[in-house]
Q: 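The following block contains the structure, expressed as structure tokens.
All values reported here derive from a predicted model rather than from experimental measurement. Letters go in sequence order (proteins before strands), and every chain restarts at 1.
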Number of protein chains: 2
Amino acid sequence: MTKPTISDLARAAGVSVTTVSHAFSGRRPVEPETRKRIQALADQMGYHPSHMARALRSGRTGVIALASSMPFAVAAGPSRLGFLMEIAASAAMSALTRDLALCLIPPHPAAQSCGATSFDGVILVEPARDDPLVAHFERRKTPVVSIGTVPDRPDIPAVDIRSGETTALLLDHLARQGSSRIAALIGSTPRTSQIEAEAAYLDFAKAQGHPPILVRLDEAEGEDLACRETRRLIQADPRIDGIYAAIDAFASGAVRAAHDLGRAMPDRLRLATRYDGLRAKLSVPPLTAVDLHLPATAERAVQLLLDRIGGRNGQAVADPPDLVARQSSGRSSDRS
Amino acid sequence: MTKPTISDLARAAGVSVTTVSHAFSGRRPVEPETRKRIQALADQMGYHPSHMARALRSGRTGVIALASSMPFAVAAGPSRLGFLMEIAASAAMSALTRDLALCLIPPHPAAQSCGATSFDGVILVEPARDDPLVAHFERRKTPVVSIGTVPDRPDIPAVDIRSGETTALLLDHLARQGSSRIAALIGSTPRTSQIEAEAAYLDFAKAQGHPPILVRLDEAEGEDLACRETRRLIQADPRIDGIYAAIDAFASGAVRAAHDLGRAMPDRLRLATRYDGLRAKLSVPPLTAVDLHLPATAERAVQLLLDRIGGRNGQAVADPPDLVARQSSGRSSDRS
DNA sequence: GCCCGTTAGCAAAACGATTTGCAGAAGCAG
DNA sequence: CTGCTTCTGCAAATCGTTTTGCTAACGGGC
């Protein structure tokens, strides 16, 4: 019982394959009565056009991919629920409404060779400067758009996720809550989010008239490294009363450090982080973070990719970040 | 600048396309020197075999899908992070290591027509009895396996997620913690997990010698409905001192109901739910739940699907569920 | 010297759709 | 009756691979 093909259907209907094709696509007129007969027969035989054949002819697979090169520990986390998955869920919805399928390319050591399949396009999540994924897909001439701009590559369409603005928002909040000496934990991988965060922090420190206290941390080591470094920072300068963590794993580490040092939060140390994910919400105390409006961002990225595939290059900007103030920074606006 | 094809490469190398194909696949011997030349030229020209053409020839797209028909509110949740996404992340990893890509088919009203693309196979997440998705893919002759058996369809390979056992584990725990009159909130959609949960609950009630107190709830209405029904149950029978919620959204509702009625947890009401997701962890108090070992389950499902595509039908069983006792059921084994 | 097996390579036929060029029929105006 | 358009429908080319015959050359054993 093999799947019926267009020629099976044509034979059954007593017409040529061309006529069948036209009957479905409507690219050329077909006698209504003939079309009806073909339709009925197709339903009865369970005929569905082969997507592979169509893909070969049209050059479109109808599949887009979502890829991240972020270390797994950061991207998906021990809990497997993170930034990436949140975007994935939204992007899948957006893709589906456009009759596309969304493939997940998880961060993976062997992702270089990622590939039995080809995609019509790829959405990259927070690529770094000179990210191998960018090179990989450009070599394959696969259209690429990015969530978070690609450093040094203004030519690649991207949804700007306003990391500078987000950082400023959080730093202002910490300052307004009473912190006067705020340190920053920032990822050392050159992603736009980290680059902008660093710049925004330096601006902020200058405006405040304080010397910047900034540590760049390897994302892969995440929580443990952040814990050690935070401890070191606070021991070196006990006047530190605020911490901005650009990555939520760093924030978890900072929480542990504060606990180890007996620094009560928020009274003796205020903490804020960027992404309002599981870690921020589950932390004790819950962490002040930012609603980045990822579903809308994902939707925009899909649209941007579609435009790009269609030959129109564009740019997009995410919705403005909204502060989610929680206990870690003082007054709580969020009871849970 | 169009992508080079195999015949471009053949022309450049001064051989036939057949030879190029053999040089890559190794299905027939090719003079080492010729092969070297072809390889070098391929690298230089940036040639990559077209997956679409290969798919057409071989009948394999190299893409598998993960689909769920669970209402969106339950499957992905307001937080967009749930059971489904947790499985998706793991399945994507498992697929990648087998050189497959994983497509997400989110629950969607228009999922009937889900489809610009065809897949080599589909993993269904907790399908219901007579699930339209099952029918849909069977009509297209797409191999299907399921996470959670398909009710009345023992012929469909599935990873048994041991829902009866999970239910018994939680009920025993509640009883051991001191609850003597335990009510059950169970989804009304006929998924194996709910069917088995109901059966296990009825067995448990009989063994305890108590009349069963069981409510079947529509998954779609989730939290609100569960809240109302829990309130009604407790008002009708104030002796109820334990609740088993088969779906985490129901548990959230029950928490709210307990709060509304001034029933302190865990002292005057113990609560346990099945899936240890965001809701269970974020709840105040945190909810006792079960570690279902989803990554291993996803891995097994991918393997099962591959077997099935290869013509071998099998069955698999998930790792035994592990209790995660938290504050909602009394003694806490989980400090966060 | 003949036969047979191995090796290297080519031409052509799939795979299943879409699209283009062409042909016959029908309708209408001049 | 001729010339023109419009309507149907078919045959064939195309997309880029893989696979199947087939040929020719070479070498060794008898």
Q: Are the side chains of B:Asp120 and B:Val63 in touch, meaning some heavy atoms are under 4.5 Å apart?
A: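 When only atoms from C-beta onward are counted, B:Val63 and B:Asp120 do not touch, as no gap falls below 4.5 Å.
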Q: Are A:Ser118 and A:Thr142 packed together at the side-chain level, in the sense that at least one heavy-atom pair is separated by less than 4.5 angstrom?
A: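 No, every pair of side-chain atoms sits at 4.5 Å or beyond.
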Q: Toward the 5' end of DNA chain C, which comes first, B:Leu56 or B:Thr19, by nearest nucleotide?
A: B:Thr19
Q: Considering only side-chain heavy atoms of A:Glu31, which listed nucleotide, D:dT8, C:dA17, C:dG9, is closest?
A: D:dT8
Q: Nearest 0.5 Å, please: how far is CD1 in B:Ile147 from CG in B:Leu305?
A: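 One gets 10.0 Å once the value is rounded to the nearest 0.5 Å.
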Q: Quick one: does any side-chain atom of B:Ser21 pair with a main-chain N or O of B:Val17 as donor and acceptor, under 3.5 Å?
A: no
Q: Over how many whole Å does the gap from B:Ile38 atom CD1 to D:dT17 atom P extend?
A: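 So the two atoms are 13 Å apart, to the nearest Å.
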Q: Figure out the CE/C1' separation between B:Met52 and C:dA17, and round it to whole Å.
A: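 Spelled out: CE on B:Met52 to C1' on C:dA17 is 14 Å.
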Q: Quick one: A:Lys3 NZ to C:dC15 P, roughly how many Å, whole number?
A: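 These atoms are roughly 14 Å apart.
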Q: Protein within reach of the bases, or only the backbone? For nucleotides 18-23 of chain C, mark each nucleotide 5' to 3' as B, S or -, using heavy atoms under 4.0 Å.
A: BBBBB-
Q: Any ion pair linking B:Asp130 and B:Arg153 (charged N to carboxylate O, less than 4.0 Å)?
A: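 Not counted as a salt bridge, because no side-chain N and carboxylate O are separated by less than 4.0 Å.
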Q: Which whole-number value in Å describes the distance from A:Arg60 CZ to D:dG16 C1'?
A: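 In whole Å, D:dG16 C1' and A:Arg60 CZ are 18 Å from each other.
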Q: OP1, OP2 of C:dA17 versus side-chain N and O of A:Ser7: anything below 4.0 Å?
A: no
Q: Would you name the heavy atoms of B:Asp8 and B:Thr5 that are closest together and state the gap between them?
A: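 That would be OD2-N, 2.9 Å.
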Q: Look at A:Glu31 together with A:Arg37 and state whether they make a salt bridge at an N to O cut-off of under 4.0 Å.
A: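 Judged by the 4.0 Å cut-off on N to carboxylate O distance, A:Glu31 and A:Arg37 do not form a salt bridge.
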Q: If you only use heavy atoms from C-beta on, which nucleotide in C:dG9, C:dA8, D:dT8 is closest to the side chain of B:Pro29?
A: C:dA8
Q: Provide, to the nearest angstrom, the distance between the CZ atom belonging to A:Arg35 and the C1' atom belonging to D:dC7.
A: 14 Å
Q: Check the distance between D:dC15's P and B:His48's NE2 and give it to me in whole angstrom.
A: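 B:His48 atom NE2 is separated from D:dC15 atom P by 20 Å.
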Q: Tell me whether the side-chain N/O atoms of B:Ser16 come closer than 4.0 Å to OP1 or OP2 in C:dC10.
A: yes
Q: At less than 4.0 Å, is any side-chain N or O atom of B:Ser58 found next to OP1 or OP2 of C:dC15? Yes or no.
A: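 Answer is no, no contact under 4.0 Å.
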Q: Does a nitrogen or oxygen in the side chain of A:Ser50 sit under 4.0 Å from OP1 or OP2 of C:dG16?
A: no
